[in-house]
2 protein chains.
Amino acid sequence: MSQKQLGIEAGLDEFVASTRINRYEQGVHAPDFQIAMRLAEVLQVPVAFLYCDADEMAQMILAFHRASKPQRRQALAALQ
Amino acid sequence: MSQKQLGIEAGLDEFVASTRINRYEQGVHAPDFQIAMRLAEVLQVPVAFLYCDADEMAQMILAFHRASKPQRRQALAALQ
DNA sequence: GAACTAAGATTCTCTTAGCAG
DNA sequence: CTGCTAAGAGAATCTTAGTTC
């Protein structure tokens with residue numbers, strides 16, 4: 001998926017999508033939270049995943065998001 | 001813990017700490033990521049927790065952060 | 001096409017200076 | 001003291017207009 005297409009699917013104007021997504025990916029600019037949520041939706045990840053600073057946490061957030069309800073229940077139980 | 005004290009412990013100047021933390025808590029302004037990380041450290045939560053939009057995910061992030069290594073291993077295993 | 005960048009325009013946050021409980 | 005807010009100052013992102021591969 002191209003940077004332009006990602007931006008467009010997140011609701012950005014087609015003439016600015018490429019530039020803005022590129023700046024986000026490079027870490028030059030930061031999107032506001034509303035944009036971040038739309039990007040997360042397109043990418044099918046939880047928005048919190050986009051703000052992770054630790055690998056293990058990121059892995060867990062993704063796995064939790066993609067797991068079934070019983071799996072989530074078990075995971076939460078394991079953390080008590 | 002007061003808003004002022006939280007800001008100061010996160011490294012903000014004492015004369016602006018109260019105002020800025022208040023704006024963040026009210027959702028009027030958004031801190032940049034560097035400030036968010038320092039706030040998360042003071043609050044002893046993962047920075048991703050501050051960007052959660054779903055309760056179950058927030059609960060899991062917090063529990064994962066506070067769990068022991070074996071508990072984390074078990075939780076991750078439950079999500080496979 | 002696709003990834004990327006500079007720079008002025010625009011829009012945001014930040015600081016200052018307060019008020020109310 | 002604590003929570004909260006308005007408004008000008010300051011600093012960020014956004015749009016435009018490109019380059020490079």
Side-chain angles (χ1 to χ4, degrees), chain A residues 1-67 76 79-80, chain B residues 1-67 76 79-80:
Chain A
M1 183 177 217
S2 72
Q3 295 174 337
K4 180 175 181 177
Q5 189 182 353
L6 170 57
I8 289 174
E9 289 193 27
L12 301 180
D13 185 280
E14 61 169 320
F15 296 105
V16 310
S18 164
T19 298
R20 284 176 63 177
I21 299 300
N22 185 269
R23 251 67 288 266
Y24 301 153
E25 287 189 0
Q26 301 292 320
V28 178
H29 293 161
D32 62 35
F33 191 62
Q34 196 171 12
I35 300 289
M37 284 194 293
R38 297 212 297 256
L39 291 171
E41 244 185 287
V42 174
L43 297 171
Q44 294 185 278
V45 298
V47 67
F49 176 80
L50 303 179
Y51 295 94
C52 262
D53 61 344
D55 281 353
E56 198 189 21
M57 179 64 77
Q59 182 186 347
M60 196 281 308
I61 286 177
L62 253 191
F64 191 82
H65 178 69
R66 293 171 176 171
L76 280 167
L79 295 171
Q80 302 310 315
Chain B
M1 182 179 218
S2 72
Q3 295 175 337
K4 180 175 182 176
Q5 189 183 352
L6 169 58
I8 289 174
E9 290 194 25
L12 301 180
D13 186 280
E14 61 169 322
F15 295 105
V16 310
S18 164
T19 298
R20 285 176 62 176
I21 299 300
N22 186 269
R23 250 72 282 272
Y24 300 153
E25 287 189 0
Q26 301 292 319
V28 177
H29 293 162
D32 62 36
F33 191 62
Q34 196 172 11
I35 300 290
M37 283 193 294
R38 297 212 296 258
L39 291 171
E41 243 186 287
V42 174
L43 296 171
Q44 294 185 278
V45 298
V47 65
F49 176 79
L50 302 179
Y51 295 95
C52 265
D53 61 343
D55 282 353
E56 197 189 22
M57 179 65 75
Q59 183 188 346
M60 193 280 306
I61 287 178
L62 212 53
F64 191 82
H65 178 69
R66 293 172 177 172
L76 280 167
L79 296 172
Q80 302 310 315

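Here is the naming used below: chain letters follow the sequence lines, and residue numbers restart at 1 for every chain.
For the contact set between residues 28-49 of chain A and DNA chain D, defined by any heavy atom under 4.0 Å, the members are Val28(A), His29(A), Ala30(A). For DNA chain C, the neighbouring residues in residues 18-26 of chain B, judged by any heavy atom under 4.0 Å, are Thr19(B), Arg20(B), Tyr24(B). Sorted by residue number, the members of residues 3-13 of chain A with any non-hydrogen atom under 4.0 Å from DNA chain C read Gln3(A).
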Donor-acceptor contacts, no H, no angles, side chain residues 27-35 of chain A, under 3.5 Å, sequence neighbours left out:
unit_1   : atom_1 : unit_2   : atom_2 : d
Asp32(A) : OD1    : Gln34(A) : N      : 3.3
Asp32(A) : OD1    : Ile35(A) : N      : 3.0

Pairs under 3.5 angstrom only: tabulate donor-acceptor contacts from the side chains of residues 6-14 of chain A to other protein residues two or more places apart or in another chain.
unit_1   : atom_1 : unit_2   : atom_2 : d
Glu9(A)  : OE2    : Gln5(A)  : NE2    : 3.0
Asp13(A) : OD1    : Phe15(A) : N      : 2.8

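Applying the ring pair (Phe, Tyr, Trp, His ring centres under 6.0 Å) test to every pair with at least one member in residues 34-64 of chain A, sequence neighbours left out, gives these pairs: Tyr51(A)-Tyr51(B).
Scanning for side chain to side chain donor-acceptor pair (under 3.5 Å) contacts around Gln59(B) gives an empty result, with sequence neighbours left out. With sequence neighbours excluded, the residues forming a salt bridge (Lys or Arg N to Asp or Glu O under 4.0 Å) with Glu56(A) are Arg72(B), listed by chain and number. Glu25(B) is linked by a side chain to side chain donor-acceptor pair (under 3.5 Å) to Gln3(B), counting only residues two or more places apart in sequence or in another chain. Remark: Arg20(B) pairs with Tyr24(B) by the side chain to side chain donor-acceptor pair (under 3.5 Å) rule, at least two apart or across chains.
When all heavy atoms are compared, the tightest approach of Pro46(A) to Ala40(A) is C-CB, 4.1 Å. Ala36(A) and Leu50(A) get closest at one heavy-atom pair: O-CD1, 3.5 Å.
At least one side-chain heavy atom of Ile61(A) sits less than 4.5 Å from a side-chain heavy atom of Met57(B). By the 4.5 Å heavy-atom criterion applied to side chains, Arg66(B) and Val45(B) are counted as neighbours. Residues Met60(A) and Leu76(B) are in side-chain contact: their nearest non-hydrogen atoms beyond the backbone lie under 4.5 Å apart. Contact annotation: the side chain of Val47(B) never approaches that of Arg38(B) to less than 4.5 Å [non-hydrogen atoms, C-beta and beyond].
A 4.0 Å heavy-atom criterion places the boundary nucleotides of DNA chain C facing chain B at dT13(C) to dA17(C), written 5' to 3'.
Note that CG of Asn22(B) is 13.5 Å distant from NZ of Lys4(B), once rounded to the nearest 0.5 Å.
Each end of the helix from dG1(C)-dC21(D) to dG21(C)-dC1(D) gets its own axis from five base pairs, and the two axes differ in direction by 30°, given to 10 degrees.
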